[in-house]
Amino acid sequence: MTADPRRPSAPGGWAATGAALARAEEKIAALPPPEARSPAQRTRAAGARDEARALRTAFLATHVDAVYDRLTDGRTTPLRLADLVHAAAVAYPGLVPTAGQLAAERDRLQADKEGHEIDQGIFLRAVLASPVAGPHLLDTMLRPTPRALELLPGFTETGLVDTRSVRLERRDGAAYLTMHRDDCLNAEDEQQVDDMETAVDLALLDPGVRVAVLRGGEMTHPRYRGRRVFSAGINLKSLHAGGISLVGFLLRRELGYIHKIVRGVRGAGGAPWHARTVEKPWIAAVDTFAIGGGMQLLLVCDHVLAASDAYVSLPAAREGIVPGAGNFRLGRHTGPRISRQVILQDRRLPATDPDARLVLDEVVEPARMDDAITAAVDRLGGPAVVPNRHMLNLAEEPADEFRRYMAEFALQQALRIHGADVVGKAGRFTRRSA
């Protein structure tokens, strides 16, 4: 990073911390790659990593606000997650992994990675936990993506955008977001997260849209050919292959498009003087199933429809990961006992189960889904819906509580995706699906 006299200087203590981190990295670099290490070498690598991570944690506990201010020019330059960790890698060598380290990791199976994303988790936990830096980062993540801004004029004119994962269509004042990864039952990967955030931005920014609808499209997967499916959750094949990243998928998903469904989108000149964001009501229509991340989406929608033969589940403990903000939101709907049954014990809720009605607003026969969606769109199109959902979200999901949850999630999820149990389960799933 080029020196700039206007930028704050590095906080005191960084020179010594940076030097100690460099020594720890040298110990690891002297070893063979992870997949070729002996048990003794793995032990030495783990010791060096733990030493370095303790140093990072201690430094950020004191200096995170100074670091964040330096990276964002005193919080005047908004940096999204990927840009923020890149800037930190340049300004503070060793604090987070470099672009080169991350590029090398992307070419490895999840089982063969060094675990550099855990260091990103340490950094982002500190940033999000800060009452100064954290709100600024959350606000930055509510801004529309450059891709959405580029597509917006065409969408407002034609009412149609088709991406690899999502088809967005405006009809009679409603935006219909149809997830159509038909080959993998709408299992999410980084491409789908990018497409979903683009579509959510467009639906929120288009002045011709009053209400938005999320639904899965028809599948070509042999088991569900010709049937609509809402979502199978995280793409475990992609996880096994090393394609699910902390910043580009796990955190961008939560702080990007899902957060925008709750809070709205910032900037682009679309918000009125009396509101910081453009918000709209969201309807989810569940065909067949909403598993994992699919069920998480239901928890942020204003009205949830389900076909009577559908089910929902959040198999986090079985998969070995933390289900996004599902732990934060599910108990609000179901109470603590049922949320523990669903998350910790993999309890599946058929749509006709009375407990499922704590998550679902309406259960209809499959043949009536289209009519039920139309009726829900009509009900949620009134002018008082948006201010009332805004106030409900303020009461039910205070921004500071969400921020504190996501701070801990950033590290816990980074640790989980590199856990031996998760790597083993993803590998077994991939072999079964081959």
Side-chain angles (χ1 to χ4, degrees), residues 53 56-57 60-61 64 68 79-82 84-85 88 96-97 110 115-142 188-190 193 196-197 233-236 239 244-263 291-300 314-333 336 339-340 342-344 393 396-419 421-422 426:
R53 286 165 183 164
R56 293 183 182 101
T57 300
L60 289 166
V64 65
Y68 189 81
L79 295 179
R80 285 174 61 88
L81 287 166
L84 181 66
V85 294
V96 294
Q110 193 72 11
H116 290 305
E117 288 174 306
I118 295 171
D119 304 316
Q120 291 181 323
I122 292 169
F123 172 66
L124 291 169
R125 177 177 68 166
V127 170
L128 288 165
S130 164
V132 176
H136 186 268
L137 177 56
L138 288 184
D139 189 71
T140 295
M141 292 302 294
L142 291 179
E188 280 192 285
D189 56 16
E190 297 202 7
V193 167
M196 286 292 287
E197 185 166 12
I234 191 171
N235 191 314
L236 292 175
L239 175 61
I244 297 294
S245 71
L246 178 69
V247 169
F249 181 96
L250 296 163
L251 284 172
R252 179 181 175 183
R253 180 177 185 271
E254 300 297 329
L255 302 183
Y257 84 85
I258 297 180
H259 191 208
K260 287 172 175 176
I261 289 174
V262 177
R263 303 285 180 193
I291 299 174
M295 184 176 179
Q296 293 168 36
L297 283 176
L298 310 185
L299 304 179
V300 298
L314 205 56
R318 176 163 58 82
E319 292 173 346
I321 58 176
V322 180
N327 296 334
F328 178 67
R329 295 180 173 123
L330 181 59
R332 184 183 79 203
H333 294 266
S339 67
R340 279 167 169 74
V342 170
I343 293 171
L344 302 182
N393 285 333
E396 295 172 353
E397 191 170 305
D400 277 347
E401 291 184 16
F402 174 71
R403 173 179 58 79
R404 286 190 288 267
Y405 176 91
M406 290 307 303
E408 193 61 24
F409 172 81
L411 179 56
Q412 295 301 324
Q413 191 74 308
L415 292 167
R416 282 284 73 221
I417 61 174
H418 291 285
D421 60 317
V422 173

Checklist entry - If you take all heavy atoms of Y405 and G324, which pair is closest and at what distance? => result OH-O, 2.6 Å

Checklist entry - Counting distance only, does the side-chain N/O of N393 pair as donor-acceptor with the main-chain N or O of V262 below 3.5 Å? => result yes

Checklist outcome for this item: Heavy-atom nearest pair, L297 first then I258, reads CD2-CG1, 3.9 Å

Next on the checklist: Among residues at least two apart in sequence or on other chains, which ones pass side-chain hydrogen bond (donor to acceptor under 3.5 Å, both in side chains) with H116?
Outcome noted: none

Checklist entry - Where do V247 and L84 land on the side chain to side chain contact (heavy atoms under 4.5 Å, CB included) test, with the steps shown first? => result CA-CA 10 Å; V247 169; L84 181 66; over 6 Å; no

Item to check | salt bridge (charged side-chain N to carboxylate O under 4.0 Å, His left out) partners of E254, counting only residues at least two apart | outcome: none

Item to check | Inter-residue atom distance I234.CD1 - R253.CZ, 0.5 Å rounding | outcome: 8.5 Å

Item to check | Partner residues of N327 under the side-chain hydrogen bond (donor to acceptor under 3.5 Å, both in side chains) criterion, sequence neighbours left out | outcome: none

Checklist outcome for this item: The salt bridge (charged side-chain N to carboxylate O under 4.0 Å, His left out) partners of D189 (sequence neighbours excluded) come to R181

Checklist entry - Taking only residues two or more places apart in sequence or in another chain, which ones pass ring-ring contact (aromatic ring centres under 6.0 Å, His included) with H418? => result none

Item to check | NZ-CE distance between K260 and M196, expressed to the nearest 0.5 angstrom | outcome: 12.0 Å

Checklist outcome for this item: Applied to residues 127-136, the salt bridge (charged side-chain N to carboxylate O under 4.0 Å, His left out) test, sequence neighbours excluded, yields none

Checklist outcome for this item: What one should report as the nearest heavy-atom pair of D421 and G320 is OD2-CA, 4.1 Å

Item to check | I417 versus Q110, closest heavy-atom pair with distance | outcome: O-NE2, 2.9 Å

Checklist outcome for this item: Output for pair (L251 CG, H259 NE2), nearest 0.5 Å, gives 12.5 Å

Next on the checklist: Checking R263 now: which residues fulfil side-chain hydrogen bond (donor to acceptor under 3.5 Å, both in side chains) with it, not counting sequence neighbours?
Outcome noted: none

Checklist outcome for this item: Those residues at least two apart in sequence (or on a different chain) that pass salt bridge (charged side-chain N to carboxylate O under 4.0 Å, His left out) with R252 are D194, E197

Item to check | Residue pair F409 / L250: nearest heavy atoms and the distance that separates them | outcome: CE2-O, 3.9 Å

Checklist outcome for this item: When rounded to the nearest 0.5 Å, the distance separating CZ of R56 from CG of D119 is 3.5 Å

Item to check | Point-to-point distance, once rounded to the nearest 0.5 Å, from CD1 of I343 to CG of L330 | outcome: 5.0 Å

Next on the checklist: Quick check for you: to the nearest 0.5 Å, what is the distance between R403 atom CZ and M406 atom CE?
Outcome noted: 12.5 Å

Checklist entry - Where the side chain of E190 meets the backbone of S245, is there a donor-acceptor pair that is under 3.5 Å apart? => result yes

Item to check | Side-chain donor or acceptor of Q413 paired with backbone N/O of V322 under 3.5 Å | outcome: yes

Item to check | Sequence-distant partners of E397, salt bridge (charged side-chain N to carboxylate O under 4.0 Å, His left out), two or more places apart | outcome: R329, R332

Checklist entry - Which residues pass the side chain to side chain contact (heavy atoms under 4.5 Å, CB included) test with L415, sequence neighbours left out? => result I118, L411, Q412

Checklist entry - Hey, what's the ring geometry for Y68 with H136, parallel, tilted or perpendicular (30° and 60° as the breaks)? => result perpendicular

Next on the checklist: So, using side-chain hydrogen bond (donor to acceptor under 3.5 Å, both in side chains) as the criterion, who are the partners of E396 when residues are at least two apart?
Outcome noted: none

Distance-only donor-acceptor pairs under 3.5 Å for side chains of residues 120-130, two or more places apart:
{"unit_1": "S130", "atom_1": "OG", "unit_2": "D65", "atom_2": "OD1", "d": "2.4"}
{"unit_1": "S130", "atom_1": "OG", "unit_2": "V132", "atom_2": "N", "d": "3.1"}
{"unit_1": "S130", "atom_1": "OG", "unit_2": "A133", "atom_2": "N", "d": "3.0"}

Checklist entry - Can any side-chain N or O of E188 pair as donor or acceptor with the backbone N or O of G233 at less than 3.5 Å? => result no

Item to check | Heavy-atom closest contact (L138 atom, A399 atom, distance) | outcome: CD1-O, 4.4 Å

